[in-house]
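Letters A, B, ... mirror the listed sequences (proteins, then strands); counts begin at 1. Everything quoted here is computed from the prediction, not taken from an experiment.
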Amino acid sequence: MAFAGTACLLVGLLTALYAAVASIAGARTGRRELVVSGRRAMYCLAALLIAATAVLQSAFLRSDFSFKLVAEGSSTDTPTFYKVTAMWATQDGSLLLWALLLSVFSSAVLFLSRRSLRDIAPWATAVLGTLAAFFLALMLGWENPFTTLAVAPQEGAGLNPLLRHPAMMIHPPMLYTGYVGFSIPFAFAIGALITRHTGADWIRATRSFALIAWTFLAAGIMLGALWSYSELGWGGYWGWDPVENASLMPWLTGTAFLHSIMVQEKRGMLKVWNVSLIIATFVLALLGTFLVRSGILQSIHAFGASTIGVQFLICIVVVIVGSTALVISRLPHLRSESRLDSLLSREAFFLLNNLVLVLLCVFVFWGTFFPLISEAITGTEASVGPPWFNAVTTPLALVLVLLTGIGPVLAWRRITSSGLRRAFVVPAGVTVATLVVLVALTNAEDRVLALAMFCLTAFVLAVVGQEMVRGTAARRVITGDSWTRAAAGLLARNRRRYGGFIAHAGIAVLFLGVAGSSAFLQQRDLRLSPGDTFRAGGYELTYERATARLGGDGAGTGAPIAFGAVLTARKGSESFTLHPSRNFYPTRDPSKGSIGRYFEGEATSEVDVRWGLQRDLWTAVRPDISQLEGPIQEANRKFADSSGDVQAVVIAAIAERYRTDPPPAAFRSIVSPLVAWIWIGGGIILLGALIAAWPTPEARVRRVRSLYRARVGRELSGA
Amino acid sequence: MLVALVVLRPLVEGPGREVEEDARRAELEAAKEAKYREIRDAELDRGMGKLSAEDHRTTDRELREEAIEILRELDALEGKSPRG
């Protein structure tokens, strides 16, 4: 089976190289059959990599430990869901996933553009084929997921316990889909530059892919934050970790790109900026993959050192140098077709929003790579840490949310002064009212930046709400429809515009959650014995009793032992219980003994969160099992050669000892106001992106012959 | 073998087996739809009071002229003249 997988990769490498060579030859000689052949090669590559993935998945599901990857990342007791997703917990498997997604995306875009972009598409095929060949060469040369072991072990090492979380297992493919998705507009931008066809055609053909990539990247980042919040046991959702930053940077430039391409589509402006942005976004996507895999920066997410860091670095340098040279050589073809008519226009504010987003990206980049920069200059590695990131990004985030509100109000080209007044009266009133209410009724004024963010959130929501209402009213005047039909029609006919506005509302809601949870968070760390009580954020919490659960934890991660606690929380008439615990996974280290290995392996926190729209009550426990050391050592000696059933009884007896006579345990409780709005805001962003990405009815090709002027009018009214 | 068959077939048979619509026409159709979208956007902005009547007239005239150019080019590709 492993041979079949390697064969798929080898044939895939040859196919990808052929796709690149045939496409270039076809583009240069004008022989269409070569171009078609190159495109078909990309389809075949997708089929080959789907087959390779099926081979690997089959090995995981069968627990075939002759595969090195399966032996290192799975075990017979790993739950099936995690067996399926264990592929991308390893470096080799991640590379296969990257290549698979790239081939599928490439096939989709080349199929959809097979009747258009005849000049650009072959060069884009060459870029995508070369990129796929790079990943396949990495696998075949250094990180083959189909490497086999001379002697298959009886049992695998199991999946890293930290990764046994549903969000974490969906998070990597989401991120990778985002990273890979941006390679499509990048490839077509390169094709447009090579052929000097620098109009908006390549943007129109790949805009949906850019939006899909952006959406997946956003979803991946959100899921990563959710995993961090509910799995890592520190209680936060964003720690400015290098790998987190690595996913944020292409998202920031990708967001800028999605806005600025609208300016090129409508006004023929910002051509240099747009190709530069998509090149930067793609390079940052490669960098994101490189950071996770290279091990050059310390990260809680960088699982294992890599052997392919140098290769990735060479690839990134080649992309940067080659793309930059291409852009410079094509500058005469990238001149703007028009100029800004007014600073009070949507395009002017898009430009401003682009600058803020890119500046944010530059700061995040600087902070992320500061350890390397400082080491190169001073010889000493230093890092800047979350306080630095918070200090530099918070003001820019405030400006960004403000622009998120102003952008939708403005018209293309220019807005009238009366229109401007009318557009801002209601949102400005809502903002002032929000300020007054918050200052009068809450302690929000204690945190000025958070207060500013709350007011800006109100401003953005008021703008979006007003735009919806006014747009619906304008449509009613045109169509005479009811409010409901007019609103539905407005959304259906202007999906890009209103999908974008909904995403803007989501951004504001998300920042509301970030501001509230970071400025007003209350955290307590204490050691408690059963019966002890403490207060946290208005809650009274009592540690009722210790728990010891055997044979399957509540979260279904496959942990054989979980020690935890039952807490009762009271606030006014509200009362509920919380069950934080800590999972213990067996180690394969024989020196720990046949009983001790169940207690001395890796352990992960299973936090319990009382979710709420106003606040979350988050709890974690770290049981002290040091008092079990004596009994464990004794059991190791006495029952080393006993049957599994006997050992299970012994383990249960030791666990019961903890439950009935627990020493003080360490607890962390966090009351985090408004944190739920981060996830709700994320959901709204994804909804807006989905609406904006949905194909519009006018995308269907219509052929109507008529007098031109009447025809324009008729086609517009009929669409 | 299967891969080679699928990939090399166009070299033997030529690209004619695939539907070969004119690429330029597809691009113009896309450009036309984008232009129509711009015209609708401007109409909506006018309806919402963001554009003055004069600005809208100017913008609309420019956009419609550009749309007409695209339609002319489309018809020229098909070798047809404008009729009602």
Side-chain angles (χ1 to χ4, degrees), chain A residues 11 15 18-19 22 32-37 40-41 43-44 47-48 114-119 200-201 204-205 265-266 409-416 418-419 422-423 467 470-471 473-475 477-478 490 493-494 496-497 696 698-699 701 705-713 715-716 719, chain B residues 2-4 6-27 29-52 54-56 58-59 63-64 67-72 74-75 78 80-84:
Chain A
V11 178
T15 308
Y18 173 81
R32 289 295 303 163
E33 63 269 28
L34 278 170
V35 173
V36 174
S37 176
R40 284 184 167 213
Y43 300 161
C44 287
L48 285 164
R114 68 194 184 285
R115 292 170 190 162
S116 60
L117 300 176
R118 285 199 176 185
D119 297 327
D201 292 339
R204 278 194 284 271
E265 271 190 281
K266 287 185 182 288
V409 165
L410 302 174
W412 291 104
R413 296 176 183 238
R414 68 178 70 82
I415 186 170
T416 60
S418 62
R422 256 170 37 99
E467 285 295 307
R470 288 175 59 191
R475 182 158 173 81
V477 170
I478 297 168
L490 182 78
R493 285 170 58 97
N494 303 276
R496 285 173 64 171
R497 179 189 276 213
T696 49
E698 65 263 30
V701 175
R705 295 175 59 233
S706 63
L707 284 169
Y708 292 125
R709 196 168 294 278
R711 180 173 160 189
V712 172
E715 290 194 8
L716 277 166
Chain B
L2 190 63
V3 171
V6 173
V7 170
L8 299 178
R9 197 167 172 181
L11 301 183
V12 179
E13 297 182 350
R17 284 182 62 85
E18 292 203 2
V19 181
E20 289 286 330
E21 285 197 7
D22 184 69
R24 181 65 189 149
R25 191 176 63 214
E27 285 169 14
E29 288 285 359
K32 184 186 78 173
E33 298 304 342
K35 200 56 67 183
Y36 285 3
R37 195 163 48 238
E38 282 187 64
I39 296 171
R40 280 193 217 103
D41 273 353
E43 273 174 13
L44 193 58
D45 283 344
R46 170 70 193 126
M48 293 169 73
K50 293 181 182 179
L51 280 178
S52 69
E54 190 187 338
D55 280 348
H56 177 249
T58 310
T59 305
L63 292 172
R64 281 174 194 261
I68 287 165
E69 277 309 308
I70 294 168
L71 292 178
R72 280 205 180 107
L74 265 171
D75 278 356
E78 293 182 7
K80 292 163 185 169
S81 59
R83 288 199 308 269

Is A/I478 in contact with chain B via its backbone, its side chain, both, or neither, using a 4.5 Å heavy-atom distance?
neither
Per-residue contact mode, A/V409 against chain B (heavy atom under 4.5 angstrom):
backbone
Considering only heavy atoms from C-beta outward, does the side chain of B/D41 approach that of A/K266 to under 4.5 Å?
yes
Quick check: do B/M48 and A/E467 have side-chain heavy atoms less than 4.5 Å from each other?
yes
Give a yes or no on whether a salt bridge exists between B/E33 and A/R204, defined as a side-chain N under 4.0 angstrom from a carboxylate O.
no
Residue set satisfying side chain to side chain donor-acceptor pair (under 3.5 Å) with A/R497, at least two apart, ordered chain then number -> B/D45
Has A/R475 got a side-chain atom pairing as donor or acceptor with B/G47's backbone, closer than 3.5 angstrom?
no
May I ask you to decide whether B/D55 forms a salt bridge with A/R413, counting only side-chain N to carboxylate O separations under 4.0 Å?
no
Just to verify, what does A/S37 make a side chain to side chain donor-acceptor pair (under 3.5 Å) with, not counting sequence neighbours?
A/Y18
For A/G471 and B/L44, which heavy atoms make the closest approach, and how far apart are they?
O-CD1, 4.1 Å
Cut-off 4.5 Å, heavy atoms of chain B, and the answer for A/A41 is both
Contacting region of B/A42 [heavy-atom separation from chain A under 4.5 Å]:
neither
